[in-house]
Amino acid sequence: MAPVNVVTSAGQYPIHIAPGRLQHIADSVPENATRLVVISNPVVDGFYGDMLRQALASLNKPVLTIIVADGESFKSLDTLNIIYDRMLGEKLDRRAVVLALGGGVIGDMAGFAAATYMRGIRYMQIPTTLLAQVDSSVGGKTAVNHPLGKNMIGAFYQPVSVDIDINVLRTLPAREVSAGLAEVIKYGLILDREFFEWCENNVKQLVALDADALAYAIGRCCELKAQVVSEDEKETGLRAILNLGHTFGHAIEAGLGFGTWLHGEAVACGLVQAAVLSGKVLGLPSTDIKRVRALVRAIGCPDIAPDFGESTWLDLMQGDKKTEGGEIRYVLMSAIGKAQVRAAPLKLVQETLSLTVGDIAIDRDFQQGQAMAQNQA
Ligand code: NAD
Ligand code: GLY
């Protein structure tokens with residue numbers, strides 16, 4: 001597949017997508033790089049660190065590896081400081097290049113380290129989760145969390161390249177695959193009805209990590225994200241549609257406690273809730289709402305939201321970054337493939353909540369384990 005180009009104010013960069021791309025990573029390293037800094041976590045480095053370093057060996061450039069702890073709770077200023085300490089201790093200069101090897105946590109944090117080290121050095125995204133391959137590695141949003149809010153300390157800072165190796169998804173836990181597929185569906189819902197229909201027809205192949213299906217889906221998502229970012233790099237308008245399902249999804253994550261449901265699982269449920277609200281506000285047909293729900297179920301994600309009670313729900317949604325002057329704004333669809341950002345009458349939001357929350361088990365590991373056992377029986 002030809003690389004997908006992302007055009008930004010700082011120039012353009014390619015997204016290379018191929019099985020085995022990791023072995024060709026040297027092709028993406030800027031020629032004048034003095035040193036290479038691989039930032040990863042023990043899980044991903046354990047699987048792919050050696051493969052990456054072997055692929056870099058032909059360049060004869062010194063490679064430093066910085067391993068940080070795995071997990072969202074380590075996407076913090078403390079971990080960032082550990083990274084700065086190593087980079088400064090090793091006296092890395094301005095022509096050093098960071099290679100972010102991991103999911104969205106590593107990508108966001110390594111990207112922010114690159115954005116701020118000596119006022120900015122180059123970095124390459126090498127995403128290893130499906131979510132990171134279709135979303136977080138593209139578009140230059142970098143950040144760490146603050147105790148008072150997720151992704152609150154960050155910068156828009158674009159990578160010099162994104163290298164996506166589809167083979168690395170084979171080691172990804174099933175829940176992470178499902179969570180990544182939620183973001184895949186999202187692109188069809190906001191921008192491309194045909195792609196949504198393709199996902200409906202190929203959902204079994206996607207869940208089974210069929211290489212051709214994955215390559216097509218990841219490629220299409222990257223094309224769509226590249227279009228949006230090229231048009232609205234700093235989210236002054238259009239880019240906000242990438243947050244379909246996120247107003248509800250973020251409320252679920254915060255309400256349950258971050259990490260109880262994966263981000264993509266909460267977004268998947270939020271897609272159903274956004275579809276129901278879209279029916280009420282913009283007349284999205286009920287047949288389309290049913291299709292959204294069916295596809296969310298088919299990828300193995302939850303389609304019923306936890307019942308926090310209406311006032312807690314509304315409070316939680318107030319915290320969304322799209323809220324303006326106290327008014328909650330939602331990404332809504334007038335049709336599958338057509339999205340817009342707007343406020344919604346409170347009464348319709350209340351009706352949506354009453355139709356989409358329920359008394360449900362929240363232990364996703366347990367539920368997915370049961371579903372898999374049933375499938376195998
Ligand atoms: P993650 O980075 O925590 O990865 C999930 C888990 O999978 C981790 O335990 C990781 O070690 C493991 N893992 C990664 N690759 C693997 C592989 N190939 N095989 C086996 N295990 C592997 O989670 P994520 O879902 O990739 O990213 C979530 C983060 O992304 C959040 O912090 C979120 O804020 C951020 N995000 C950023 C953007 C953006 O535009 N920058 C967009 C969406 C999400
Ligand atoms: N993940 C949303 C964005 O990149 O804007």
Side-chain angles (χ1 to χ4, degrees), residues 6 8 22 39-49 51-52 67-76 79 100-112 115 125-146 149-159 162 164-183 186-187 190 209 221-222 224-246 249-250 253 258-259 261-267 321-322 331 341:
V6 188
T8 71
L22 215 48
I39 301 182
S40 194
N41 70 34
V43 175
V44 181
D45 190 70
F47 281 122
Y48 303 108
M51 197 188 283
L52 176 67
I67 301 295
V68 296
D70 185 19
E72 185 73 37
S73 59
F74 296 99
K75 185 178 162 185
S76 63
T79 309
L101 176 70
V105 166
I106 289 291
D108 281 13
M109 189 159 49
F112 189 57
Q125 286 279 15
I126 310 172
T128 62
T129 62
L130 182 55
L131 179 140
Q133 295 188 346
V134 298
D135 191 357
S136 63
S137 65
V138 176
K141 279 190 181 174
T142 72
V144 293
N145 301 326
H146 184 277
K150 192 165 144 60
N151 291 331
M152 285 300 172
I153 313 292
F156 284 98
Y157 191 68
Q158 302 292 340
V162 181
I164 297 178
D165 186 338
I166 289 162
N167 290 346
V168 304
L169 299 179
R170 289 186 196 142
T171 52
L172 202 59
R175 259 184 89 181
E176 299 285 353
V177 173
S178 295
L181 286 174
E183 301 283 359
K186 175 194 80 180
Y187 286 101
I190 54 175
L209 297 180
C221 293
C222 287
L224 291 167
K225 180 140 189 193
Q227 269 171 29
V228 171
V229 170
S230 301
E231 218 173 293
D232 179 22
E233 187 182 343
K234 303 233 165 120
E235 200 167 311
T236 52
L238 176 72
R239 187 165 177 170
I241 66 168
L242 294 172
N243 289 317
L244 178 71
H246 286 59
H250 283 153
E253 285 184 276
F258 284 93
W261 283 11
L262 300 179
H263 173 72
E265 292 172 331
V267 166
K321 286 200 200 77
K322 290 185 297 307
V331 184
V341 183

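When a ligand or atom number is given, it counts from 1 through the structure's own listing order. Sequence positions, counted from 1, serve as the residue numbers for this chain.
- Here the shortest heavy-atom pairing between Gly180 and Leu130 reads C-CD2, 3.8 Å.
- Atom CD1 of Ile106 sits about 9.5 Å away from atom CG of Asp45, to the nearest 0.5 Å.
- Asp70 meets the salt bridge (Lys or Arg N to Asp or Glu O under 4.0 Å) test with no other residue; sequence neighbours excluded.
- Protein residues lining ligand 2, listed by chain and number: Asp135, Lys141, Lys225, Glu235, Arg239, Leu242 [non-hydrogen atoms, distance under 4.0 Å].
- The salt bridge (Lys or Arg N to Asp or Glu O under 4.0 Å) test applied to Asp108 returns Lys75, not counting sequence neighbours.
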Pairs under 3.5 Å, nitrogen or oxygen of ligand 1 with protein nitrogen or oxygen:
residue: ligand 1; atom: 2 (O); partner: Gly104; partner atom: N; Å: 3.1
residue: ligand 1; atom: 2 (O); partner: Val105; partner atom: N; Å: 3.0
residue: ligand 1; atom: 9 (O); partner: Asp70; partner atom: OD1; Å: 3.2
residue: ligand 1; atom: 9 (O); partner: Asp70; partner atom: OD2; Å: 2.8
residue: ligand 1; atom: 11 (O); partner: Asn41; partner atom: ND2; Å: 3.1
residue: ligand 1; atom: 11 (O); partner: Asp70; partner atom: OD1; Å: 3.0
residue: ligand 1; atom: 11 (O); partner: Asp70; partner atom: OD2; Å: 3.1
residue: ligand 1; atom: 15 (N); partner: Thr128; partner atom: O; Å: 3.3
residue: ligand 1; atom: 15 (N); partner: Thr128; partner atom: OG1; Å: 2.7
residue: ligand 1; atom: 18 (N); partner: Thr128; partner atom: O; Å: 3.0
residue: ligand 1; atom: 18 (N); partner: Val168; partner atom: O; Å: 3.0
residue: ligand 1; atom: 18 (N); partner: Thr171; partner atom: OG1; Å: 3.4
residue: ligand 1; atom: 19 (N); partner: Thr171; partner atom: O; Å: 3.4
residue: ligand 1; atom: 19 (N); partner: Thr171; partner atom: OG1; Å: 2.7
residue: ligand 1; atom: 26 (O); partner: Gly104; partner atom: N; Å: 2.8
residue: ligand 1; atom: 26 (O); partner: Thr129; partner atom: OG1; Å: 2.6
residue: ligand 1; atom: 27 (O); partner: Gly104; partner atom: N; Å: 3.1
residue: ligand 1; atom: 32 (O); partner: Glu72; partner atom: OE1; Å: 2.7
residue: ligand 1; atom: 32 (O); partner: Glu72; partner atom: OE2; Å: 3.1
residue: ligand 1; atom: 32 (O); partner: Lys75; partner atom: NZ; Å: 2.7
residue: ligand 1; atom: 34 (O); partner: Lys75; partner atom: NZ; Å: 3.1
residue: ligand 1; atom: 34 (O); partner: Lys150; partner atom: NZ; Å: 2.9
residue: ligand 1; atom: 34 (O); partner: Asn151; partner atom: ND2; Å: 3.1
residue: ligand 1; atom: 41 (N); partner: Asp108; partner atom: OD1; Å: 2.9
residue: ligand 1; atom: 41 (N); partner: Lys141; partner atom: O; Å: 2.9

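- The closest side-chain donor-acceptor pair between Thr171 and Tyr48 falls under 3.5 angstrom.
- Between Leu262 and Glu253, the closest side-chain pair of non-hydrogen atoms is not below 4.5 Å.
- Glu72 has a carboxylate O that lies under 4.0 Å from a charged side-chain N of Lys150, or vice versa, which qualifies the two as a salt bridge.
- Arg239 has no carboxylate O lying under 4.0 Å from a charged side-chain N of Glu231, or vice versa, which leaves the two without a salt bridge.
- Counting only distance, with no hydrogens or angles, the side chain of Ser76 and the backbone of Asn145 share no donor-acceptor pair below 3.5 Å.
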